[in-house]
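Below you'll find the structure, written out as C-alpha cells, and then a few comments.
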Protein chains: 2
Amino acid sequence: MSLPHALLGLLSYRPATGYELKAAFEQSIHFFWNATLPQIYRTLNQMRERGWVAVTVEHQEGRPSRKVYRVTEAGREELRHWLAAPPEIPQPRDPLLVKVFFGRQADPAVLAAHLKMWRAHYAGLLRRYEEEIAPLIHHYAALTGASEDARYWSLTLEFGRRFARMAVDWCDAALAAVTQEGKVHG
Amino acid sequence: MSLPHALLGLLSYRPATGYELKAAFEQSIHFFWNATLPQIYRTLNQMRERGWVAVTVEHQEGRPSRKVYRVTEAGREELRHWLAAPPEIPQPRDPLLVKVFFGRQADPAVLAAHLKMWRAHYAGLLRRYEEEIAPLIHHYAALTGASEDARYWSLTLEFGRRFARMAVDWCDAALAAVTQEGKVHG
DNA sequence: ATATAATATGTGCATAGTTATATATTTAAC
DNA sequence: GTTAAATATATAACTATGCACATATTATAT
C-alpha cells in the first residue's frame with residue numbers, strides 16, 4: 001500500500017494538516033494514486049500510532065483546532081526503506097475495456113458514446129497537464145531546494161502525458177472500428 | 001464494480017464452473033480487470049442470490065461435485081443494461097510512479113533498478129500479447145459464432161499493446177534522465 | 001439577510017479485494 | 001512408489017477503499 005508513504009513523502013517537504021495534504025494530493029499524487037479525506041485522516045492516525053509522524057495541535061479560540069502533522073526520524077527512515085523496496089506491478093482495472101471486450105452484445109451507438117466520453121476525459125487531462133500541472137512544477141522548481149525534486153515530478157508528469165495521448169489515440173482507432181461496423185470496403 | 005458483469009459476459013459464451021471462469025479470466029479480462037478465486041466464488045454466490053445465474057451440481061462418484069453456472073434471462077438483461085451504462089473512469093494506482101515522484105530522496109541506482117524491473121515486465125507483456133494472446137483470439141475467431149466477438153477482443157488487445165509500448169518507452173526516457181544525474185553536458 | 005463554498009476533523013457502514021487455510025481427487029513427473 | 005502439480009470448491013480473517021453523514025467556523029457571493 002502506497003498511501004502512508006505518499007503522505008510521508010508530502011510531509012517530508014513541510015508539515016501539514018490532513019486537509020492540506022488532501023489539497024496537495026489533488027495537484028500531484030492524485031494522478032497516479034487516489035485518496036479520499038476520511039482515508040487520509042485514518043491513515044494519519046495509523047502513522048502516528050507507528051511513530052512515523054508527530055502531531056501538534058494548534059488551538060484557536062472559537063475555531064476547530066488544526067492538527068499539524070510532521071515526519072519523525074522514524075518516519076523518514078520508513079520512507080527511505082519503502083523507496084528502496086521494489087514497487088508492486090499495478091493491477092489495471094478499467095470498466096471501459098470490460099465493456100469493449102463484450103461490446104458485440106452492446107448497441108454500437110452506445111459503445112461509441114462511451115468511447116467518446118472516455119476520449120474527452122483523457123483529452124481534458126492532457127490539457128490540464130499542460131495548462132495547470134506543468135506550470136505548477138515550474139513554479140515549485142523556482143523555490144529554493146525544490147529544483148532537484150522537480151526533475152522527478154516532471155518524470156511522472158511525462159508518464160501522465162504519454163498515457164493520456166495513448167488513450168486518446170487508441171480511442172480514435174476504436175471509434176473508427178466500432179462505427180465502421182457493417183460498412184463494405186472495395 | 002465490473003466483476004459480476006465480467007463473469008456474466010464470460011458465462012454468456014458458455015456455462016462454466018468458478019475454476020474454469022478463473023482460467024478464462026487469466027487469458028482475457030485479467031489484462032484490464034483482476035480477480036482472485038475466492039472473489040469469483042463469492043461473486044457467483046451473490047449473482048445466484050440475485051437470480052443472474054443458475055447452478056447445476058454435477059455429482060460424480062468419489063469426486064467433488066462440479067458446480068456449473070449458467071446465465072439466466074435476468075442475467076442477460078442485467079449484462080445488456082450494464083453495457084449500456086456509462087463506464088466509470090478508472091482511478092490509476094501505480095506505486096512505481098509514487099516512488100519516482102519522491103525519487104530525489106532515493107538512491108539513484110535503486111530507482112534505476114526499479115525502472116528496469118518495471119520495463120522488463122511491460123516488455124514481457126508485449127511479447128505475451130504477440131505470442132500468446134493474439135494467436136488465441138485468432139483461434140477463437142475461427143470458431144463458429146465467435147468472429148464478431150473477436151473484433152472487440154482485438155480492440156482491448158490493441159489497448160494493451162499500446163499501453164505496454166508506451167510504458168517501455170517512458171521507462172527508457174526515465175532511465176536516461178535518472179542515470180544521467182550529475183553528468184555535465186557541453 | 002441568506003446561502004454557498006471553503007476550511008477543518010472526523011465516525012459508521014458497506015463494499016471490494018487479498019491472503020491464508022481447509023478439503024479432496026486426478027494426473028504427471030521423478 | 002512417492003511427490004508435486006493441477007483440478008475443484010470453498011471459508012475466515014484481514015486490509016483497503018468509498019460513501020454518507022455529523023460537526024463547526026469563516027469568507028464570499030447574491
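Just so we're on the same page: letters track the sequence lines, and every chain starts at 1. Just so it is clear, the values below take in all heavy atoms, side chains as well, and ignore hydrogens, waters and symmetry mates.
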How far does the helix from dA1(C)-dT30(D) to dC30(C)-dG1(D) bend, going by the axes of its first and last five pairs, to the nearest 10°?
30°
Check salt bridge (charged side-chain N to carboxylate O under 4.0 Å, His left out) between Arg70(B) and all other residues, then give those that pass, not counting sequence neighbours.
none
Where do N or O atoms of nucleotides 20-23 of chain C meet protein N or O atoms at under 3.5 Å, pair by pair?
none

By side chain to side chain contact (heavy atoms under 4.5 Å, CB included), Tyr140(A) pairs with (sequence neighbours left out) Gln27(A), Leu136(A), Leu143(A), Trp153(A)
Among side-chain atoms of Asn45(A) and Arg42(A), is any donor-acceptor pair under 3.5 angstrom?
no
Which residues in residues 17-24 of chain A have at least one heavy atom lying under 4.0 Å from any atom of DNA chain C?
Thr17(A), Gly18(A), Tyr19(A)
Side-chain donor-acceptor pairs under 3.5 Å in residues 82-97 of chain B, sequence neighbours left out?
{"from": "Gln91(B)", "atom 1": "OE1", "to": "Asn34(A)", "atom 2": "ND2", "distance (Å)": "3.0"}
{"from": "Arg93(B)", "atom 1": "NH1", "to": "Asn34(A)", "atom 2": "O", "distance (Å)": "3.3"}
{"from": "Asp94(B)", "atom 1": "OD1", "to": "Leu96(B)", "atom 2": "N", "distance (Å)": "3.0"}

Listing, residues 165-173 of chain A side-chain donor-acceptor contacts under 3.5 Å, not counting sequence neighbours, or none:
{"from": "Trp170(A)", "atom 1": "NE1", "to": "Leu155(B)", "atom 2": "O", "distance (Å)": "2.9"}
{"from": "Asp172(A)", "atom 1": "OD1", "to": "Arg119(A)", "atom 2": "NE", "distance (Å)": "2.6"}
{"from": "Asp172(A)", "atom 1": "OD2", "to": "Arg119(A)", "atom 2": "NH2", "distance (Å)": "3.2"}

Going by salt bridge (charged side-chain N to carboxylate O under 4.0 Å, His left out), name the residues that satisfy it together with Glu131(B), two or more places apart in sequence or in a different chain.
none
Those residues at least two apart in sequence (or on a different chain) that pass salt bridge (charged side-chain N to carboxylate O under 4.0 Å, His left out) with Arg161(B) are Glu130(B), Glu158(B)
Sequence neighbours left out, cut at 3.5 Å: what donor-acceptor pairs do the side chains of residues 101-110 of chain B make with other protein atoms?
{"from": "Arg104(B)", "atom 1": "NH1", "to": "Asp149(A)", "atom 2": "OD2", "distance (Å)": "2.9"}
{"from": "Gln105(B)", "atom 1": "NE2", "to": "Ser12(A)", "atom 2": "OG", "distance (Å)": "2.9"}
{"from": "Asp107(B)", "atom 1": "OD1", "to": "Ala109(B)", "atom 2": "N", "distance (Å)": "3.0"}

By salt bridge (charged side-chain N to carboxylate O under 4.0 Å, His left out), Lys67(A) pairs with (sequence neighbours left out) none
Quick one, which residues of residues 77-94 of chain A touch DNA chain C with a heavy atom under 4.0 Å?
Arg93(A)
